[in-house]
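Side chains are part of it too, since the values below use all heavy atoms of this structure and drop only hydrogens, waters and symmetry mates. Below, read A as the first sequence line, B as the second, and so on, with proteins coming before strands; counting in each chain starts at 1.
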Amino acid sequence: MLEVSNIRSNTAEIKNRLARRSNASYDALIDQILKLDDARKSTQSELDEILAKSNQLAGQIGVLYKSGKADEANDLKKQTSELKERSTELKETLQATERDLKECLYQVPNAPHTSVPKGSNETDNEVVREGGPEVTLSETALPHWDLADRYKLIDFELGVKITGAGFPVYTGKGAKLQRALINFFLNEATEAGYQEIIPPLLVNEASGIGTGQLPDKEGQMYHAAKDDLYLIPTAEVPLTNIYRDVILDEKDFPVMLCGYTPCFRREAGSYGKDVRGLNRLHQFDKVEIVQIVEPEDSYNVLEKMVAHVEELLQKLELPYRVLKLCGGDLGFASAMTYDMEVYSAAQKKWLEVSSISNFETFQSNRLKLRYKGADTKKPVLAHTLNGSALALPRILAALLENNQTETGINLPEILVPYAGFKTIEK
RNA sequence: GGAGGGAUGGGUGAGUGGCUGAAACCACAUGUUUGCUAAACAUGCGUACUUAGAAAUGGGUACCGGGGGUUCGAAUCCCCCUCCCUCCGCCA
């Protein structure tokens, strides 16, 4: 959620930045927000004046009663009834205005950073760089769902039986490989200075609002209705919400957290070839990294987080590329996002394995996540960032496909000690 | 799931209708004193909105888990909700 004060003092700039999203104009909504805020202010100050008067009268009445002048007190009481009527009215108006204002604010996405390329969809994303080895496979190379079946690594049918589509069952070396990847990712994050967290997998409504999944995108999350709890779509939600309603000290920066969790996504309405095998799941595993930093550091930190993920892909010996998302492809809460994709040689396409974003104050404004410094006398909103480091399924898909031979699958060097085996054979 | 108790500022905790934005203590910050550290003393120390001001700072309003009610006036009384604790039940 953007700050009204920011919208007010930088109206033109915010509008310009929002225009980078290019799918719609937010000008009218921004103007509406300013209008509502004006209304809010004037109602507020009229109300405050009346309340000040009431408080004053109440004080006088108290004194009069104490000194036994009940008659005079009763006279004053009469005066208060009128004020009370008016203040009740104003309170109602104020509540309505604040509700409308909030509703408008919830509809405005984050303002993209000025360096974000304009564009309407993923074809306009900017390839920043590519890396990793070049992989060429024979014509007989198999996609990962066939490999998973041949080497008994993942049983998709069994998942359907137990739960439904999109809930794979990992078996044998498939399961061990999952565990190896999780440990590898967590160790690398620890090495990089992130504190490891095991958070709850279900969160309450306030947490969903804090990171921006609610109120609009509840369709994306599984909801345990009886207890009104949501299954997390990413560890970002519980990890970032650790700092909801927190005022940090400057000295606490940078806050660096990582956590492995399963992630649950309803992903309604996706069918067909793009979602075969591991490409799109309702439940998958992911290690997430989160940072909370001072505003002036956040874009440096974003680059560092990208570098961290890039290093993971290099160590896994996967062909990858770094994309800078264009305005049209940018997530609702993000000011700038890099996507990391790995090349799946058998499917002959790029698979998104990580998304690393700077949310600036968009999340922290909702979270009321602030900090105090030596030269900030009032608390200031911190910047939040997060990224996948990494999401497992598509990494697994690329690993299986790119490293296949006629007789088996060779693991990259780095994973061998984690997995306890070098190759997967029949 | 059943019965009872509770929720106050960074922490402990006082406060049962007006003089309480809230005592006291601890923590923290600054200053004084003292070879250093420590101790002692002094002062300061919540958040949001708003208003005046260039700023320093001052004024107003709201906030004592959340929402609603009673009252001229609520941290204090009433109702609902949430969370925590104790006991019982169930259970990895």
Q | B:C88 and B:C79, which share atom name C1', separated by this distance in whole Å | A | 28 Å
Q. Would a 4.5 Å heavy-atom cut-off, applied to side chains only, mark A:M336 and A:K324 as touching?
A. yes
**Q.** Identified pairing partner of B:G89, criterion: Watson-Crick or G-U wobble below 3.5 Å
**A.** none
Q) In whole Å, what separates the P atom of B:U8 from that of B:G2? A) 26 Å
Q.
So A:K78, base contact, sugar-phosphate only, or nothing? Heavy-atom distance under 4.0 Å.
A. nothing
Q. Could you state the CD-P distance from A:Q79 to B:C72, rounded to the nearest angstrom?
A. 14 Å
Q: Provide the Watson-Crick or G-U wobble partner of B:C41, both distances under 3.5 Å; none if there is no partner.
A: B:G31
Q | Gap in Å between the two P atoms, one belonging to B:G6 and one to B:G15, rounded | A | 13 Å
Q | Length of the line joining A:N55:CG and B:C19:C1', which is rounded to integer Å | A | 15 Å
**Q.** Which nucleotide in B:U47, B:U61, B:U51 has an atom nearest any side-chain atom of A:K41
**A.** B:U51
(Q) What's the gap between B:G53 and B:C36 when it is taken at their P atoms, as a whole Å value? (A) 48 Å
Q) Considering every strand shown, what is the Watson-Crick or G-U wobble mate of B:C49 when both distances are under 3.5 Å? A) B:G60
Q) Between B:G17 and B:G4, how far is it from one C1' atom to the other, in whole Å? A) 28 Å
Q: Hey, which sits more toward the 5' end of RNA chain B by its nearest nucleotide, A:Q95 or A:S45?
A: A:S45
Q: Provide the Watson-Crick or G-U wobble partner of B:C72, both distances under 3.5 Å; none if there is no partner.
A: B:G18
Q: Could you check how far NZ of A:K378 sits from C1' of B:U47, rounded to whole Å?
A: 9 Å
**Q.** Exercise: do A:Q213 and A:Q220 side chains pair donor with acceptor under 3.5 Å
**A.** no
